[in-house]
Each structure stands twice: as C-alpha cells, then as structure tokens.
Amino acid sequence: MIHAAGNVVEAKGALILGAGVAGLFTALKLAPFPAMVIAGAQPGVSGSSAWAQGGIAAALAEGDSPESHAADTVAAGAGLSDPAMAALLAAEAPDRIEDLLRYGTPFDRDAAGKLALGREAAHAMPRIVHVQGDRAGAAITATLAAAARSTPSIALLEGFHALELAVENGRVVGLFARYGLGAESRLILFRSSAIILASGGPGALYAVTTNPPESRGEGLGMAARAGVIIADPEFVQFHPTAIAVGRDPAPLATEALRGAGATLINDKGVRFMLAVHADAELAPRDVVARAIHREIARGGRVFLDCTQAIGAAFPEKFPTVCASARAAGIDPVTQPIPVAPAAHYHMGGVATDEFGRASLKGLWACGECASTGVHGANRLASNSLLEALVFGARVAEDVHGHNAVELGRGAPPAPEHWQAALPPRALRETMSRDVGIERHADGLKRALAAIVAVERAGAGEPALLNMTTAAKLIAAGALARRESRGAHFRTDYLQTDVVPARTFLTLADADRIAQQPAASSFGKLRMKPSC
Ligand SMILES: Cc1cc2nc3c(=O)[nH]c(=O)nc-3n(C[C@H](O)[C@H](O)[C@H](O)COP(=O)(O)OP(=O)(O)OC[C@H]3O[C@@H](n4cnc5c(N)ncnc54)[C@H](O)[C@@H]3O)c2cc1C
C-alpha cells in the first residue's frame, strides 16, 4: 500500500481514470454531475481510441435490426457472449451514434446525405459508421475531448500516472497517481466515492502489438491487486493484419480492406485462405490470424493484396494505412502489403454488470479494461468503441446522483505530458512467445514462472506490479482453460467444450495457479459472481 503524504485532492464528483473514448464519453454523459478525468497522455490523442481505424457498428441500415447485430455479436463470441448484454449493446447502439453526432463527430455520408455504412467481416449487414475512411478513432476522440473541454462540470487532468486503488473497509475510495518524473515527482491521492476505470487494454504487454505503449493493462492490474474479480482474462484478440515492417507498435491494416475485397496471399502468390475457411479472408479474426501465423511459422511471408480490389482509390479511402505503408516504402496502390498478426484487443477485463459495476463497492469500469460479457471469446469488428459508448453511458446513469455534490477545489498541478515507457522486454517477449496465438501448457507454465521472476526483480514498484499482474491473469486464465475457443487456442487441447463457461478469477486464484501450475482442477474459477 502506498501513501500520499499530505497530497490529497478531493474529487467529490466522479473520478475517471483514462481519457480515451470510454473515459471522455462517460464524463460527458455524467454532465452536469461533476467528473474529474485523469490520464497519462493528452485527452483527444491518447489511448487506443485515437488509433481506431474501422469505425463503430450500429444497426442503422434499412433492413438491418439490433436483433441481427446482437446475433452476429453472439456468433462471433464462440459460445461465451452473454446474449442479454449483446442485445443491450445492439439495442442502444443507434442512440449512442446520435450522441456522437450531437457532440459534432463528422461521420462520412453517402450521396443522399445519410450516414455511409461500411461492411466488415462477420457482420450480416453494412453497419459500420466511419470518418474519412479509416480515421474514425482520431476524429471521435478529438470531438469528445473538445466537447469535454467546453463542459464546465468536467476537469481534464493530464500527466498523471495512476498506480494503485485506495480501499477502505472493502470499498474503493480513491486512486493514487504520480505526477512528474524522478526526484521531482509527487504522489497524489485523489479521493472520490465513485471511481471509474476507463484505462484501456493490455496489448503493449506483447512484443508485437497494434496498441500504444499506454495500453499496459495497468487499470486491470490495479483492480486485481485491490481484490476485484476479473473475467475471461485469457481471451486476447490478435489482429490478423498488422503491417509487418518491424515498427513497434505495428501499424494496422484495417479489416475494412478485406471487407473491400483485398486478398491474402503467401510468398508463393497462393490465396491460402480459400483452403482454410468458406468465408476466406472474411472468416472470423481468430481463424484468419491463426492461418497467417502458421504461414509465417513455416518460414513464409504473408501479404495483403489491395491492388485489384482497391487500387488507385487507396490513398483517398484509407489515408492512415496508406501513410503507414508508404512510410515503409510500400505503395499499396501497386504493391501487396506485408502483414502479420499482432496483439490487438482484450475481451477479458474487470468483471462488470450491465451498469459497469465492478465487484468492489465504489468502483465501475467501462471500455476495453472491462469485461461485460458482450464479446465472449472473440470480439466482432467495430464493437469495441461501441461497447465503450454503451456501457460508458450506463455507468454514467448509475453513478449520476450517486453522490451529487460539487467537485472539490483542491487545485491539481498544471498539465505535463506523460510518455508511457514500454513494459520490460522480457515480459513482452514471454507474452508473445508463450501466451500468444497458439498456446500449450508447457509454454504457459514457463510464462508464469518468467512473469513472477520479472515481478520479483521489480521489488514492488507499483507500475510494474500492475503490468505483471495483468500478464499473470492472462497466462493463468489461459492455463486453466483446457479447451480451444475463439481467440484462445490450445495446441494441447484442440477440442471445444460442450458447455461454454466464462472465467471469473481473482489475483489470489492467479497466484495459486502460478504457484501450482500442475494442479488438475480450476473448476471453481468458472462461477459468475454478483458484481
Ligand atoms: C490500431 C487500432 C485500431 C482499432 N480499430 C478499431 C475500430 O475500428 N473499431 C473499434 O470498435 N475498435 C477498434 N479498436 C479497439 C478500440 O480502439 C479500443 O478497444 C478502444 O478505443 C478502447 O477505448 P478505451 O477508452 O477503453 O481505452 P483507451 O482509448 O486505450 O484509453 C485508455 C486511457 O487510459 C489512460 N491510462 C491507461 N493507464 C493509465 C495509467 N496507469 N495512468 C494514467 N492514465 C492511464 C491512457 O492514457 C488513455 O487515456 C482498435 C484498436 C487499435 C489499437
């Protein structure tokens, strides 16, 4: 437990950790109820949110329906999606898109002035709203940050590195955060009776990832260290087509390219997905990612060929991907883009109910750091920004009026940008090698031992503890799940169990698994708690 030695800020409204789509949208939906949003990097450009390319799914097209959207979500979830949560997600999607329009998001329109809807893999209908082709994330986060800045009840604080939750009598009452670096740094305790985690995912714990360095799983780690129940941590989605040009993080070649007809070829020019799945390149993400992984593991290379399907329209339709490819000397108009799978999205997270409540009083979570049960074992493309919006609004509804008092006047320091350092190399390499696309008990046990070794070497440094805790939960969940399902693929347990069951575990469970990896039964992890 850390101490803030006199530096205490009373945030009498809600305190939100994270300024991606989840944090900013929740703050806006809370208004005029006061909200203090603290984040490492600058609101409007921080988190995975700003990097999202494809867009947001919502049943807006003629002939589409929330029922169809929910059915696609559940089908992608490989038996683990919670149908009630998926129904809620799909039903509330159109209203949340309306909210974004009201805040000023410049979604692309068709010739008739209606919202232009794209089609992505495993969606039965065109239902993805986007901005300038592949700039949805940047446009939405910038819009929400501008709206938050002009909302008097919202205080946006940047440059704070959150480290630990403060818990008193079984209730979360605050958050410790460090401001500044080295000897100049100060530890501050932000106190609030409503703490909302919106801290994003753990992708950067992997050596090959599409996520920014801030996505180190620290919110998840903090929550678990406070005793909060974590759900489905083993389910990490690997995006099939990160651009493989040796950059860290790896730039993404959005799913929408395959939606627009781009094909995957190996270095012999063979369109190998035709032999893997009836939907070829539009098969579920895990199927495509594994097929590419196997081509590469055989010593081959894989390319996304957009030259025929998109060709000269590429720079205008996909400006972000075009810029990334051209920066690496590849012209996607005329040349296939080299691709490889990369850690992309976490289906697991803080176990939350339909109002984003976590298992400890005083704590809510939304966005990628939460696990609502919507995504099950595999997220449907463009459902994650949507989940952040839908459950951010629900958290706001629940917290609203929860403690309707004015925001405290404890003056925080002036903003200073925080550059998240990448997690230790040994940790990232372990996660990619042994807790990656294909997993085996031997590798997972090796990973748990390596994570514990990194943790011990860190001598209790809280940021590192948060990262090793998140990594341990992912590896322990993966070892305990003795089947292959969705994004979790065990080479030693290829079967899919007849009765699907979500994982719910605490850090104590993960520690027990790390200490006794050979234990035969982890059955008690599979019980749904009440949040
Ligand atoms: C390249 C890419 C493309 C994607 N494309 C799409 C898409 O098209 N559609 C879609 O639906 N999803 C997409 N996703 C996924 C989606 O972007 C994320 O799941 C979503 O944006 C997560 O939002 P969030 O607000 O939960 O977290 P984030 O946007 O990651 O925000 C997390 C916030 O928490 C802060 N933070 C974290 N830890 C700390 C700490 N210890 N102290 C202080 N601050 C901290 C960060 O600085 C940041 O402000 C994509 C992801 C990537 C990486």
Side-chain angles (χ1 to χ4, degrees), residues 16-26 37-58 93 118 120 128-131 134-138 140-141 144-145 156-164 175-179 190 196-204 209-222 237 239 241-243 249-256 320-321 324 342-347 349-350 365-370 375 379-389 391-392 417-420 462-463 466-467 470:
I16 302 175
L17 172 62
V21 161
L24 293 171
F25 192 75
T26 306
V37 181
I38 74 166
Q42 197 181 359
V45 294
S46 84
S48 286
S49 297
W51 293 17
Q53 293 184 357
I56 307 183
E120 285 186 353
I128 318 300
V129 289
H130 41 85
V131 181
D134 61 9
R135 292 184 40 77
I140 295 165
T141 26
L144 294 180
L156 291 178
L157 308 184
E158 31 180 304
F160 291 87
H161 183 184
L163 298 172
E164 199 165 294
L175 184 68
F176 292 96
R178 192 184 289 143
Y179 179 77
F190 291 90
I196 302 165
L197 292 178
S199 50
T209 181
T210 61
N211 287 197
E214 300 147 70
S215 302
R216 311 192 299 182
E218 286 191 77
L220 176 67
M222 257 176 255
Q237 185 173 72
H239 197 289
T241 57
I243 303 179
L252 187 71
T254 170
E255 190 113 33
T320 308
V321 186
S324 300
H344 184 61
Y345 181 78
H346 197 203
M347 278 72 76
V350 173
C366 57
E368 193 169 336
C369 73
H375 307 300
R379 171 186 69 115
L380 186 63
S382 292
N383 262 356
S384 47
L385 288 171
L386 176 62
E387 190 202 33
L389 300 174
F391 289 92
H417 293 302
W418 171 65
Q419 284 286 332
N466 290 333
M467 292 184 247

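Below, all heavy atoms of this structure are taken into account, side chains as well, without hydrogens, waters or symmetry copies. When a ligand or atom number is given, it counts from 1 through the structure's own listing order.
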Review point. Just distances here: any N/O of Gly40 and N/O of ligand 1 closer than 3.5 Å?
Key: yes

Problem - Any N or O of Asn211 closer than 3.5 Å to N or O of ligand 1 - result: no

Pairing donors with acceptors under 3.5 angstrom, does anything connect the side chains of Ser382 and Glu120?
yes

Report task. Would you indicate whether the side-chain heavy atoms of Thr254 and Thr320 approach each other to under 4.5 Å? Result -> no

Ligand 1 to Glu218, heavy atom cutoff 4.0 Å, flagged ligand atoms 41 (N)

When rounded to the nearest 0.5 Å, the distance separating CG of Leu144 from CZ of Phe25 is 7.0 Å

Within the structure, does Leu252 bring an N/O atom to less than 3.5 angstrom of an N/O atom in ligand 1?
no

### Query
Is the shortest heavy-atom distance from the side chain of His344 to the side chain of Leu252 under 4.5 Å?
yes

Across all chains, not counting sequence neighbours, the salt bridge (charged side-chain N to carboxylate O under 4.0 Å, His left out) partners of Glu255 are Arg258, Arg285

Mind checking whether Phe160 and Phe190 have parallel, tilted or perpendicular rings, split at 30° and 60°? perpendicular

Within 4.0 Å of some non-hydrogen atom of Val21, the atoms of ligand 1 are 25 (O)

**Message:** When you compare ligand 1 with Ala19, is there at least one nitrogen or oxygen pair between them that comes in under 3.5 angstrom?
**Reply:** yes

Problem - From CA spacing to verdict: side chain to side chain contact (heavy atoms under 4.5 Å, CB included), Ser49, Ile140 - result: CA-CA 8 Å; Ser49 297; Ile140 295 165; over 6 Å; no

Would you check if the side chain of Asn211 reaches a backbone N or O of Pro202 as a donor-acceptor pair within less than 3.5 Å?
-> no

Counting heavy atoms under 4.0 Å, the part of Ala57 that contacts ligand 1 is neither

Taking only non-hydrogen atoms of Ala39 and a 4.0 Å limit, the atoms of ligand 1 in range are 43 (C), 44 (N), 49 (O)

Counting heavy atoms under 4.0 Å, the part of Arg216 that contacts ligand 1 is neither

- Message: Counting only nitrogen or oxygen atoms and a 3.5 angstrom limit, does Leu386 reach ligand 1?
- Response: no

TODO: Please indicate whether any nitrogen or oxygen in Glu214 is less than 3.5 Å from any nitrogen or oxygen in ligand 1.
DONE: yes

Exercise for review: Walk me through it: do Asn383 and His375 pass the test side chain to side chain contact (heavy atoms under 4.5 Å, CB included)?
Suggested key: CA-CA 8 Å; Asn383 262 356; His375 307 300; 3.9 Å; yes

Those residues at least two apart in sequence (or on a different chain) that pass salt bridge (charged side-chain N to carboxylate O under 4.0 Å, His left out) with Arg178 are Glu461

Near Ala198 (heavy-atom distance under 4.0 Å), the atoms of ligand 1 are 32 (C), 33 (C), 34 (O)

State whether the side chain of Asp134 and the backbone N or O of Gly54 hold a donor-acceptor pair below 3.5 Å, judged by distance alone.
no

Worksheet item: Any nitrogen or oxygen of Ser46, main chain or side chain, under 3.5 Å from a nitrogen or oxygen of ligand 1?
Response: yes

Heavy atom of Gly137, distance to ligand 1 below 4.0 Å: no

Short version for Ala22: what comes under 4.0 Å of ligand 1, heavy atoms counted, is both

Between the CG atom in Leu220 and the CE atom in Met467, the distance rounded to the nearest 0.5 Å is 13.0 Å

Out of Gly54, Ala136, Ser199, the nearest non-hydrogen contact to atom 32 (C) of ligand 1 is supplied by Ser199

- Between Ala162 and ligand 1, does any nitrogen or oxygen pair lie at a separation below 3.5 Å? yes

Counting only N and O atoms by type, is there a donor-acceptor contact under 3.5 Å from the side chain of Glu368 to the main-chain atoms of His346? yes

Rounded to the nearest 0.5 Å, the CD1 atom of Ile196 sits from the CD1 atom of Ile16 at a distance of 4.5 Å

Heavy-atom proximity to atom 51 (C) of ligand 1 ranks first, among His344, Glu255, Glu164, for His344

Check: of Pro202, Ala388, Ser384, min heavy-atom distance to atom 14 (N) of ligand 1 comes from Ser384

Counting from 1 in the order shown, the ligand 1 atoms closer than 4.0 Å to a non-hydrogen atom of Arg379 are 10 (C), 11 (O), 12 (N), 13 (C)

So the atoms of ligand 1 within less than 4.0 Å of a heavy atom of Tyr345 turn out to be 19 (O)

Taking only non-hydrogen atoms of Gln53 and a 4.0 Å limit, the atoms of ligand 1 in range are 3 (C), 4 (C), 5 (N), 8 (O)

The answer for which part of Met467 has a heavy atom under 4.0 Å from ligand 1 is neither

Any heavy atom of Leu17 under 4.0 Å from ligand 1? The part involved is side chain

Go through the steps to decide whether Val37 and Thr26 satisfy the test side chain to side chain contact (heavy atoms under 4.5 Å, CB included), and finish with yes or no. CA-CA 10 Å; Val37 181; Thr26 306; over 6 Å; no

For this session: Examine Leu385 against ligand 1 and note whether any of their N/O atoms are separated by less than 3.5 Å.
Result: yes

Counting N and O atoms only, with roles assigned by atom type, does the side chain of Ser215 sit under 3.5 Å from a partner on the main chain of Gly203, one being a donor and the other an acceptor? no

When you compare ligand 1 with Ser215, is there at least one nitrogen or oxygen pair between them that comes in under 3.5 angstrom? no

Atoms of ligand 1 under 4.0 Å from any heavy atom of Ala41, numbered from 1 in the order shown, are 47 (O)

